Amino acid sequence: MTLLDALAGGTDTPICSRAGCRERALWRIEWRNPRIHAADRRKTWLACAEHIDYLREFLAAREFPLQVLPLDEVADSAD
Ligand SMILES: [Zn+2]
């Protein structure tokens, strides 16, 4: 993270994991590479609305087990 990033957004904003993308992440991809990761190991990528398909297909093409979850799992409890 650069100083500019720190000034602009702080560290709380989840950012897309796609290289070069600075969009806010809306999705979380949990995946693992069966060849190098133990069965209980999980990697997490974050994805913006634009790159969720790209990242998911990137992993799917390698036949990595993956799960896509909404990033804001804490549903706003509207009452
Ligand atoms: Zn992105």
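By convention here, the first residue in the shown sequence is residue 1. Computed from a prediction, not measured in an experiment: that's the story for all the values here. When a ligand or atom number is given, it counts from 1 through the structure's own listing order.
By the ring-ring contact (aromatic ring centres under 6.0 Å, His included) test, Tyr54 is found to be paired with no residue, residues two or more places apart in sequence or in another chain being considered. Partners of Trp31 by ring-ring contact (aromatic ring centres under 6.0 Å, His included), not counting sequence neighbours, listed by chain and number: His37, Trp45, Phe64. Shown here are the side chain to side chain donor-acceptor pair (under 3.5 Å) partners of Arg18, two or more places apart in sequence or in another chain: there are none.
For the pair Arg56 and Phe58, the cation-pi criterion (under 6.0 Å, within 45° of the ring axis) is not fulfilled.
In this structure, Arg35 CZ and Arg62 CZ are separated by 9.5 Å, a value rounded to the nearest 0.5 Å. With rounding to the nearest 0.5 Å, the separation of CG in Leu59 from NZ in Lys43 is 10.5 Å.
For a distance threshold of 2.8 Å, the protein N, O or S atoms nearer than that to the Zn ion (ligand 1), listed by chain and number, are Cys16 SG, Cys21 SG, Cys48 SG, His51 ND1.
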